[in-house]
Amino acid sequence: MKWKIRRLETLYRERLGSVKRAFSVIRPGSRVYISTACAAPRHLVSKMAEFPNNFADTEIFHIVSLVDMPFTDPSRQDMFRLNTFFIGDAAREAVRVGNADYTPIFLSEIPKLIQRGRLRFDVALVQVAPPDEFGNCSLGVSVESVKAAIRHADYVVAQVNRNMPRTMGDSSISVDELDAIMEYDEPILEFHAPKTDDVSDRIGFYVSRLVPNGATLQVGYGKIPNAVLRHLMDKRDLGVHTEMFSDALIDLYEAGVITNRNKTLHPGKVVSAFCLGTKRLYDAIHNNPAFEFYPTDYTSDPRNVAMNKGLVAINSALEIDLTGQVCADSLGTSFQSGIGGQADFIRGAALAEKGKPIIALPSTAEEGRISRIVATLQPGAGVVTTRGDVHYVVTEYGVAFLHGKSIRERALALINIAHPDFREELLEKAKQLNYVYPDQVLSADHATMPDQHWRFLTRKTEHEVTLRPIHATDEDKIRRLFYTLREEDIFYRFMGTVKTLPHKKALPLVALDYEEKFAVVACLGEEPDDEIIGVGRWFWDRASNMAEVAFAVNPAWQGQGLGTKLLQVLMEVAKQKGIAGFTAEVMGGNRKMLGVFYRSGCNVRTHLDDGVYFVRLRFNDLAKRAPTLPEDVVV
């Protein structure tokens, strides 16, 4: 071992030199790989333009460019031609005008292309931490495809920088794999994520509701990921398996929210391929065994992703059509970003036990002038996540679940979370495309719908039931509830015999305005696969400022306290809206329903007319003692 260490020390000294010496063997027309993002060897790269005889007509391969560099400089396009796998801010204009190339590819496949020789490099310019006592240099903040490039490039030039943090995992490279070494210390490039705004914060809130305690996260960088992470502070024992992360993750790690103790792959470890952040992040991961970095053919391989039980993959998009096709790398024919790891993690999460693939995006672009939810994708737009792969879609207006749903159900769900300014237009286009019923109508603006869920345990079986406002997408669930009702239940609810509940009758029961018409449903299970087992609704009469209420409960769940809880929630919402009280018409034989009203806590006034009780209660008229049913109630 000692002789090997001494040999590596000798090699290091022999290969150490100046930039001029390192670049001396490079020839015009070379294909040059450069480390990604914050790991870019800025000093080496800045000197490239000073050696035109070596770098003339050079093709540069780079995963993403965060800041301007010589190879993104329009004045040097005759010297350099950039080929990027993900379009960052610095390269976007060059790609747009045709002065740079974009190669769409899954990040998981880049190392494989290099290893198989399909992507050949003459030169690799990389940045590493100084060698340890065993002659191993750490790749630091970016491993993704760098190791493959180092091992398969003909000539490797390394900038050794003492500011590069040493990271664990599969992130080391031996000195004997470096052909030329140049020591130069400079701050590692820092990335400052844009601040969250109201829209991203709202999206973050909705996404956070989909993340259970103990989940493993895949989340990137930017406004929405940062907002999501901020809303996870109340969670417990989260894990991380991702392709990259930024400073916002460190907040959760330092707060003890991220423990990784429940992970099924690499338990106890944050697993990533690279990171973008500030010195605070770099200090947190330096020599920290809780963070491990691996190449993307490992971290982003859907088979490895799927090994993480409870993997929640959170990815963004530029637009999505009403069938669920997700475009994430272009606006029409104009390329904006890249495929990245979205498809890998979406599919991996779908395969994982209890996994959740999520697409999160603002409902609009260009300051609200354009809807990101569209009837059809723009001509030339590419599909990164297919309609068959998409599961959850989140905007600042809520959550839509599409997997396994029909085109009609998908269109309605997506319209329901589109910006209110575009919903009617989207609905009309959906009708023209025959995606929805010709008479389809929408619920009111979400601004008027209470964003609240209520939970309680049933009396006898102690099942947890969730109460929530009804959605326009609940039409089929309401129809299923109707067909569980007995004839007497239907008679009590509808004051007559109703045999069927087709679309024309069901639609008015779910397409409400939440002001004059409001309904709350009692559900088993979690959205979107929850089953409606009860519904309560009120209809407001402006003239009297009273609201008429009605209920229906699956017979298998009657006597469990659902009616009482539904009434309590309906009263709570009605009070918030300034409604004075409730009225109801109850068939004389429906003693159970009368009992629900008499347990409301209010004084109940009733009178019997032709076998029907007319019930009236005012919210400010509280009962002084527990009321009992009057003796004249028909049994």
Side-chain angles (χ1 to χ4, degrees), residues 198-212 215 217-219 223-225 227-232 234-235 310-317 319-326 342 346 349-350 354-364 371-373 385 387 389-406 408-420 422-423 426 442-455 466-477 510 514 520-521 523-532:
D198 290 342
V199 170
S200 58
D201 186 71
R202 195 67 181 159
I203 295 171
F205 165 73
Y206 281 119
V207 172
S208 71
R209 284 170 45 175
L210 298 174
V211 179
L217 301 176
Q218 178 258 325
V219 62
K223 288 183 179 180
I224 292 176
V228 171
L229 294 173
R230 190 173 66 81
H231 280 285
L232 295 177
D234 61 342
K235 303 293 182 179
L311 193 284
V312 179
I314 304 163
N315 289 269
S316 60
E319 67 176 7
I320 181 171
D321 72 15
L322 292 181
T323 71
Q325 297 187 110
V326 176
Q342 179 173 129
I346 289 292
K354 297 183 178 180
K356 291 182 179 179
I358 299 171
I359 298 293
L361 72 164
S363 65
T364 64
S371 176
R372 290 180 183 263
I373 295 177
T385 297
R387 59 172 69 102
D389 289 311
V390 71
H391 285 63
Y392 294 89
V393 180
V394 182
T395 73
E396 70 270 29
Y397 291 99
V399 180
F401 186 77
L402 307 188
H403 193 247
K405 304 297 184 182
S406 68
R408 175 174 61 84
E409 291 171 318
R410 288 165 176 253
L412 287 175
L414 288 168
I415 293 171
N416 201 45
I417 63 169
H419 192 285
F422 295 96
R423 290 181 192 165
L426 287 169
L442 300 175
S443 296
D445 184 345
H446 275 243
T448 63
M449 185 177 74
D451 180 29
Q452 192 171 353
H453 286 54
W454 301 263
R455 297 181 186 274
T466 300
L467 273 66
R468 61 169 174 80
I470 203 167
H471 303 155
T473 52
D474 285 326
E475 180 177 334
D476 288 338
K477 295 178 182 179
V510 296
Y514 303 105
V520 62
V521 289
C523 306
L524 285 178
E526 296 294 328
E527 293 182 80
D529 297 319
D530 51 352
E531 174 193 0
I532 295 177

Which heavy atom of [X] sits nearest a heavy atom of [Y], and at what distance?
X: Pro357; Y: Ala350; value: CG-N, 3.7 Å
X: Thr395; Y: Tyr206; value: O-CD1, 3.6 Å
X: Leu229; Y: Val219; value: CD2-CG1, 3.9 Å
X: Ile470; Y: Tyr514; value: O-OH, 2.5 Å

Check your understanding: Step by step, would you call Ile417 with Val399 a side chain to side chain contact (heavy atoms under 4.5 Å, CB included)?
Key -> CA-CA 7 Å; Ile417 63 169; Val399 180; 5.8 Å; no

Side-chain heavy atoms of [X] within contact of [Y], under 4.5 Å:
X: Lys477; Y: Asp530; answer: yes
X: Ile373; Y: Ile415; answer: no
X: Leu402; Y: Leu414; answer: yes
X: Leu217; Y: Val228; answer: no

Check your understanding: Which class fits the ring pair His403 and His391: parallel under 30°, tilted 30 to 60°, perpendicular over 60°?
Key ->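 Correct class here is parallel.
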
Name all residues meeting the salt bridge (charged side-chain N to carboxylate O under 4.0 Å, His left out) criterion together with [X]; count only those two or more places apart in sequence or in a different chain, and write none if there are none.
X: Lys223; result: Asp197
X: Asp321; result: none
X: Lys235; result: none

**Study point:** side chain to side chain contact (heavy atoms under 4.5 Å, CB included) partner of Asn315, the single match among Leu361, Val326, Ile359
**Key:**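 The residue from Leu361, Val326, Ile359 that satisfies side chain to side chain contact (heavy atoms under 4.5 Å, CB included) with Asn315 turns out to be Ile359.
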
Report the residues that fulfil side chain to side chain contact (heavy atoms under 4.5 Å, CB included) with [X], sequence neighbours left out, ordered by chain and then residue number.
X: Glu531; result: Leu524, Ile533, Asn554
X: Ala215; result: Val211, Pro212, Leu238, Val312
X: Arg408; result: Ser406, Leu412, Val436, Tyr437, Asp476

**Study point:** Qualifying residues under ring pair (Phe, Tyr, Trp, His ring centres under 6.0 Å), relative to Phe422, sequence neighbours excluded
**Key:** none

Quick one: does any side-chain atom of [X] pair with a main-chain N or O of [Y] as donor and acceptor, under 3.5 Å?
X: Tyr392; Y: Ala360; value: no
X: Arg468; Y: His453; value: no
X: Arg410; Y: Arg387; value: yes

Review point. Counting only heavy atoms not in Asp234, do more than 12 fall under 6.0 Å of its CG?
Key: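 Buried by this count: over 12 neighbours within 6.0 Å.
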
**Study point:** side chain to side chain contact (heavy atoms under 4.5 Å, CB included) assessment of Thr473 paired with Phe401
**Key:** CA-CA 10 Å; Thr473 52; Phe401 186 77; over 6 Å; no

Approximate separation, where rounding is to 0.5 Å, of [X] [atom1] and [Y] [atom2]:
X: Asn416; Y: Tyr397; atom1: CG; atom2: OH; answer: 12.0 Å
X: His231; Y: Arg202; atom1: NE2; atom2: CZ; answer: 8.5 Å
X: Asp474; Y: Cys523; atom1: CG; atom2: SG; answer: 6.5 Å
X: Ile532; Y: Leu467; atom1: CD1; atom2: CG; answer: 10.5 Å
X: Arg372; Y: Thr364; atom1: CZ; atom2: OG1; answer: 7.5 Å

Practice item. Could you list the residues that satisfy side-chain hydrogen bond (donor to acceptor under 3.5 Å, both in side chains) with Ser363, not counting sequence neighbours? Key: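 For Ser363, the residues satisfying side-chain hydrogen bond (donor to acceptor under 3.5 Å, both in side chains) (neighbours in sequence not counted) are Glu396.
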
**Study point:** Residues in side-chain hydrogen bond (donor to acceptor under 3.5 Å, both in side chains) contact with Thr385, at least two apart in sequence or another chain
**Key:** Gln342

